[in-house]
There are 2 protein chains.
Amino acid sequence: MTVTLADVAARAQVSPATVSRVLNGNYPVAASTRERVLRAVDELDYVLNGPASALAAATSDLVGILVNDIADPFFGIMASAIQSEIGGPGGRAGGERLAVVCNTGGSPERELTYLTLLQRQRAAAVILTGGAVEDAVHVAAVDTKLRKLADAGTRVVLCGRPPSPDAIALTFDNRGGGRQLTEHLIGLGHRRLGYIAGPEERTTTRHRLEGHRDALAAHGIEDDPKRTVWGRYDRRAGYDATLELLRRDPSLTAVVAANDTVALGACAALREAGLRIPDDVSVAGFDDLPFSIDAVPALTTVHLPLSDAGARAGRIAMGREEPPPGGIATVCGELMVRGSTGAPRE
Amino acid sequence: MTVTLADVAARAQVSPATVSRVLNGNYPVAASTRERVLRAVDELDYVLNGPASALAAATSDLVGILVNDIADPFFGIMASAIQSEIGGPGGRAGGERLAVVCNTGGSPERELTYLTLLQRQRAAAVILTGGAVEDAVHVAAVDTKLRKLADAGTRVVLCGRPPSPDAIALTFDNRGGGRQLTEHLIGLGHRRLGYIAGPEERTTTRHRLEGHRDALAAHGIEDDPKRTVWGRYDRRAGYDATLELLRRDPSLTAVVAANDTVALGACAALREAGLRIPDDVSVAGFDDLPFSIDAVPALTTVHLPLSDAGARAGRIAMGREEPPPGGIATVCGELMVRGSTGAPRE
DNA sequence: CTGTTAGCGCATTCAT
DNA sequence: ATGAATGCGCTAACAG
């Protein structure tokens, strides 16, 4: 039924080994023979059997990309950049690699499951993006998994995720970015700042919040726990949290959100409460996703070079770029001051 | 070095076949034996070899999801929904399936390449999302590919994509949605409407535009070609196109965009041109992506049930839901009237 | 319910 | 530069 390498060999009147060699292009074959084989491949419409190939070679052309939320452009942008560097020549089987993005939905179990699945597939490389869950048991489980993958020859790269032994890491300076942002607001004169944090157990959440607190502390501003609210990384969370912050302290003059999406929800809540941005309340986000510049007013935020970082992670995973010294590099964000922040009222 | 099924069998003092059976859970095995095997698996930290398994079974647990732009939430939302229905029990190898999303970037070649790669991997199912490129040669090539995949036992489902023989299709009623939207504007009194279309060669672009023109024709409004501009499906295209439309006809009272992202760019351009929305110019989008409600004013658009459609496509691909009669179902959008549209000025 | 026997399709030695 | 032979690790009949 399905045409195999042997069929091609027969048709081209060569041995299966020769066909394999021209297909993989990693061994000298006479030009005339090659051409004959290629023609047979074409005529028979032959398609390599991936599993068989992977089994025999003990490695595959799959490259796994793990993301926390595929519907969030934060991950989409990184995944897209990674993938653009994955393709091209260099792999086996004609140089085509299958970049597969796996959506963990932020669930530790799913993360582990996908890692196992990729291990099962003998993936050529695995790239984990975004913040990690901090639960000690889970961290240990992931580290163990990553070590096994690495031992089995899978290249493991972290992008926008805190370092782990046995993996090359490109981490984002979330703490520094958070600090810059809050210092900007303090510099504007704000003293009563609300903070909308992300999910409590994630590293990204903690680091950004720490940066915020660093800035407060550096300027002798008390960090009133009432001024921090936790939620998910979505619009609704920002909306609800803002209402809650306003309830707890109507005299707030600024709201700092864990990311841009949350900030958008915050803006909506403020607007509905009849407050003007930034005249009554300033708002700031984080990430600088494409839509942030279109918010009204445009969102002050911290720009993260998601695309560049993703591309670099992709190249490292493909062995086309040297890993950073020590296996860890910190990628810094850049404060983007726009219309959503201004001096506090009165 | 790496532990195999045979090792597990030896340790559990059973035959390899038995181990395979408990792992796949598709054959009766005595509870006591099962437990012994599972314990051995655990102790040895055994991981199934995916390629070997796929080779022997002639099918894999891979499910491919093709998207045009992974950084666009339109696709992210569908992919996420599809994936949520892919997992769970029912597959081989412990019921875990690997949902892999492949980013074609809108390129016909990449689309074909990914389909070949998926075919190579003997994917269990393939789901293609979003609009297709209309070039006859490419359409034929894709159809051929889909037929081969189907013949090889891969389930093929289209989601938000026009029908094709040999595939089950859930298509969006882009034409109807486009018509509704423009009729809404005409009903408001608009007569000079600009239209920002997407990439020229895509079905989505064409259908939405046709709907727009249907509405114009139905109301006896001349369809001046000067009032249509083409561009990509991104913010920048909307921005540029709006400037161009304004240049060609400053008396426009409404701008209809091919999708929400484009509409956002249009809003930015209008705002910078000193025009108020909707007082001076009304704006409408399409898709109703999450950020659309946060635009200022909130965007009038056509809501597409991306999540529901994706979930349904996922279930059909997994054989857990009956395909629609005739293999084709049309999914309709719903007009969402919000603040960005109003009566024309004067 | 469990063991035995054959391949699945390809990459890779080792020869020639 | 090419062919022959071997085995990758697993599943699926087929027996028992």
Side-chain angles (χ1 to χ4, degrees), chain A residues 1-38 40-41 44-61 91-94 119-122 124 152-153, chain B residues 1-38 40-41 44-61 91-96 119-122 124 152-153:
Chain A
M1 185 58 227
T2 125
V3 20
T4 76
L5 189 145
D7 300 330
V8 175
R11 176 139 182 130
Q13 295 176 311
V14 294
S15 74
T18 301
V19 177
S20 171
R21 296 200 258 253
V22 335
L23 257 29
N24 288 307
N26 51 8
Y27 208 85
V29 172
S32 65
T33 331
R34 150 174 294 113
E35 200 167 328
R36 206 145 29 93
V37 170
L38 258 19
V41 165
L44 261 35
D45 204 22
Y46 168 71
V47 177
L48 180 70
N49 182 312
S53 170
L55 172 58
T59 174
S60 82
D61 284 324
R92 298 171 26 263
Q119 181 184 8
R120 209 176 257 186
Q121 301 298 328
R122 306 308 191 246
Chain B
M1 186 57 229
T2 126
V3 20
T4 75
L5 188 146
D7 299 331
V8 176
R11 177 141 179 125
Q13 296 176 308
V14 295
S15 76
T18 300
V19 177
S20 172
R21 295 199 259 253
V22 336
L23 257 29
N24 289 306
N26 52 5
Y27 210 83
V29 172
S32 65
T33 332
R34 150 174 294 114
E35 199 167 327
R36 203 144 33 90
V37 170
L38 257 19
V41 166
L44 261 34
D45 204 23
Y46 168 71
V47 177
L48 180 70
N49 183 313
S53 169
L55 173 58
T59 173
S60 81
D61 283 324
R92 298 169 27 262
E96 293 300 353
Q119 181 184 9
R120 204 177 261 186
Q121 301 298 329
R122 306 306 191 249

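When every heavy atom of B:L5 is checked against every heavy atom of B:P16, the shortest pair comes out as CD2-O, 3.2 Å. The two residues B:A12 and B:A40 have their closest heavy-atom pair at CB-CB, 3.9 Å. Annotation for A:P51 and A:N49: closest pair CD-OD1, 3.0 Å, computed over non-hydrogen atoms. For the pair B:V3 and B:D45, the tightest heavy-atom approach, listed with the atom from each and the gap, is CG1-O, 4.4 Å.
The distance from atom CG of B:D61 to atom CD of B:Q121, rounded to the nearest 0.5 Å, is 12.0 Å.
Shown for residues 27-37 of chain B: residues whose heavy atoms fall under 4.0 angstrom of DNA chain C, namely B:Y27, B:P28, B:V29, B:A30, B:T33. Of the residues in residues 10-21 of chain A, those with a non-hydrogen atom less than 4.0 angstrom from any atom of DNA chain C are A:A17, A:S20, A:R21.
Contact between the side-chain N/O atoms of A:N49 and the OP1/OP2 oxygens of C:dC8 is not found at any separation under 4.0 Å.
Atoms CG (B:N24) and C1' (D:dG9) sit 13 Å apart, rounded to a whole Å. For A:N26 and C:dC10, the CG to P distance is 15 Å, given to the nearest whole Å. Straight-line distance from the CZ atom of A:R122 to the C1' atom of D:dG9: 9 Å, rounded to whole Å. Whole-Å rounding puts the B:L23 CG to D:dA12 C1' distance at 15 Å. Nucleotide C:dT12 holds its P atom 12 Å from the CG atom of A:L5, rounded to whole Å. Rounded to whole Å, the distance from CG on B:L48 to P on D:dC8 is 16 Å.
Within the 4.0 angstrom heavy-atom criterion, base atoms lie near B:L55.
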Worksheet item: Checking side-chain contact (heavy atoms from CB on, under 4.5 Å) for the pair A:T4/A:D7: CA distance, chi angles, key distance, verdict?
Response: CA-CA 5 Å; A:T4 76; A:D7 300 330; 3.7 Å; yes
Discussion item. Please determine whether side-chain contact (heavy atoms from CB on, under 4.5 Å) holds for the pair A:L38 and A:V22, giving the CA-CA distance in whole Å, both sets of side-chain angles, and the decisive distance to 0.1 Å.
Written reply: CA-CA 8 Å; A:L38 258 19; A:V22 335; 3.8 Å; yes
Item to complete: Could you go through the side-chain contact (heavy atoms from CB on, under 4.5 Å) check for A:S20 and A:L23 one step at a time?
Response: CA-CA 5 Å; A:S20 171; A:L23 257 29; 5.8 Å; no
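Between the side chain of A:S60 and the backbone N or O of A:R122 there is at least one donor-acceptor pair closer than 3.5 Å.
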